[in-house]
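The model shown is predicted, which means the values in this text are computed figures rather than measured ones.
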There are 2 protein chains.
Amino acid sequence: MYRLDTYGMRSAQTAATISVLDRYLAILDAVKESERSTSITELATRTNMPKSTVSRLAAGLVDQRFLVRNADGTVGLGLRVFELGARAGLPRRLMTAAAPVMRELWEATGDRVGIWVHHGAEMVSLAAVAGRLPMLPTRAGMRSPALTTASGKAFLAFCADRTVVDRLSAELVPDAASGFRHELDLVRASNVATDAGVAYPGIVAVASPVFSADRTVIGAVSLAGPADSMNAQHAAPLVRAAGLSMSRRLSAA
Amino acid sequence: MYRLDTYGMRSAQTAATISVLDRYLAILDAVKESERSTSITELATRTNMPKSTVSRLAAGLVDQRFLVRNADGTVGLGLRVFELGARAGLPRRLMTAAAPVMRELWEATGDRVGIWVHHGAEMVSLAAVAGRLPMLPTRAGMRSPALTTASGKAFLAFCADRTVVDRLSAELVPDAASGFRHELDLVRASNVATDAGVAYPGIVAVASPVFSADRTVIGAVSLAGPADSMNAQHAAPLVRAAGLSMSRRLSAA
DNA sequence: AGGAGCGTCCCACGGAGTGGGACAGCCGAG
DNA sequence: CTCGGCTGTCCCACTCCGTGGGACGCTCCT
């Protein structure tokens, strides 16, 4: 394993040697990705591994209850991943700090409230409170593109790591990239980012960054509602206040 | 690897060959178990592995963001375990079915409400409400002994798999075991189990089973409060109703 | 400087993981 | 009933990846 393959390997292929861990996690991811429970054969195709290997590895994961085996032979995510996930430090701290604030925001607006953290090219939802009106499936563990969503922009605007922003905006054509930079400037000035139906048509979202004690962004709080009933201008101060409040509570603890 | 060691291995030791997966998961568990973030050396002692091995394996887990590396070199659980955990099927379905009911129960009583599923000799908490936000686990992933807690007894009383009950009650001295069986009979008759300070001193808990569509128990809902301010007799009907309501919602979806 | 602690890296060794293929069970079609 | 196609599992020779003692570099104390 290991990042550098000391001997140059010719030919395309995947190469770069795959460790056992990669295989196990590929299986877990494949299971996660599929909405319902998954058959071994399906996993084999999705992960590009021999069926026999998947069978063996999956059996190991089942033994450890990272997967559960259903009566029909398919597998789903097991209890153990839940136990682990529920203990992940950063999400927990953010969530406990955010919970009461999210609720206040929800009571004040009735719209969908969510908290997000950044990962790669996406934002990962930690928790969401459903709004009263039309619902896109928003739930914990869900991902949304960082570049286009309000929460993503709120995060990126304050992201200290320039390389992250550069890498993401590299996918844009030059003038879109400069427009994007400009937008981030505005976000920095106002502490709120907005998305008016770009990421999800008909839905307006407003988001504000959340900072940890050392003043680095760790996520964003967002408010989203139908374009016709929600007013971004009106919501902005509320969301900004929520972001600030979460940051304060996070530092306090 | 594999369960049966075909050749008898003499001497004590651990033996029984340990697979890579076991090692990885031992590390994850060790990290989970410790409240705060953990050093590599500490993990090495806790898991009984050479430091060098732990370092390498942990690095792999960090690469995959199953662990996060803090500035001081310690590690904690990463975002990825959270993402996985948030998608585990059974907990999710139970939680979404349970959330509104838990909230009602909380509003009616003000006491601590939790839902639990069974695993081995313990009950695992899926979610606990102290605040008003549904779906925000206060202390999810926590474990309690199945034998002594209200939720454990509520589950065991209806557990179709006799071997589970037998195996657990095997640890009791004979007359305690028969007393336990008798108590389970009462639970079956009333649909509620009670624990008055045995598992946790000064705390009274009442629990009721939750059934899936096929009428098998999958967990329990519990209500817990301080012994002096909570009345088990009074709470019982509410908890029983909550259990029924959850079961109904679970079958409906 | 010296020492004690940490985490990482190196690399010869060997056992653990690999996966093609045989196999058994379960359907629905012929 | 028998066939073919579909599952998931098991076997086992081959080999490659994980192993871990020990060297190393680092940061803190004393």
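One can place CG of Asp22(A) at 15 Å from P of dG17(C), the figure rounded to the nearest angstrom. In this structure, the CD1 atom of Ile27(B) is 13 Å from the P atom of dG18(D), given to the nearest Å. Between the CD1 atom of Ile18(A) and the P atom of dG17(C) there is a distance of 16 Å, rounded to whole Å. Counting to the nearest Å, the P atom of dG17(C) and the CG atom of Leu21(B) are 9 Å from each other. The separation between Asn70(A) atom CG and dT7(D) atom P is 17 Å, rounded to whole Å. Taking atom CG on Asp72(A) and atom P on dC6(D), their separation rounds to 18 Å, with Å as the unit.
Listed in residue order, the members of residues 43-55 of chain A having a heavy atom less than 4.0 Å from DNA chain D are Lys51(A), Ser52(A), Ser55(A).
Between Phe66(B) and Leu79(B), every side-chain heavy-atom pair lies at or beyond the 4.5 Å cut-off. Using a 4.5 Å cut-off on side-chain heavy atoms (C-beta onward), His119(B) and Arg80(A) make no contact. Between Asn191(A) and Pro209(A), the closest side-chain pair of non-hydrogen atoms falls below 4.5 Å.
Of the side-chain N and O atoms in Arg23(A), none sit less than 4.0 angstrom from OP1 or OP2 of dG18(D). Within the 4.0 Å cut-off from OP1 or OP2 of dC11(D), not a single side-chain nitrogen or oxygen of Arg56(A) is found. Checking the phosphate oxygens (OP1, OP2) of dT8(C), a side-chain nitrogen or oxygen of Arg69(B) falls inside 4.0 Å.
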Chi angles and distances behind the salt bridge (charged side-chain N to carboxylate O under 4.0 Å, His left out) call for Arg87(A), Glu83(A): CA-CA 7 Å; Arg87(A) 299 261 187 142; Glu83(A) 289 177 39; over 6 Å; no
Check against ring pair (Phe, Tyr, Trp, His ring centres under 6.0 Å), Phe211(B) and Phe158(B): CA-CA 9 Å; Phe211(B) 300 92; Phe158(B) 293 91; 5.3 Å; yes
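Residue Ile40(B) has its side chain nearest to dT8(C) when only dT18(C), dT9(D), dT8(C) are considered.
Taking the six-membered ring where the residue is Trp, His118(A) and Phe155(A) present parallel rings, their angle staying beneath 30° rather than reaching 60°.
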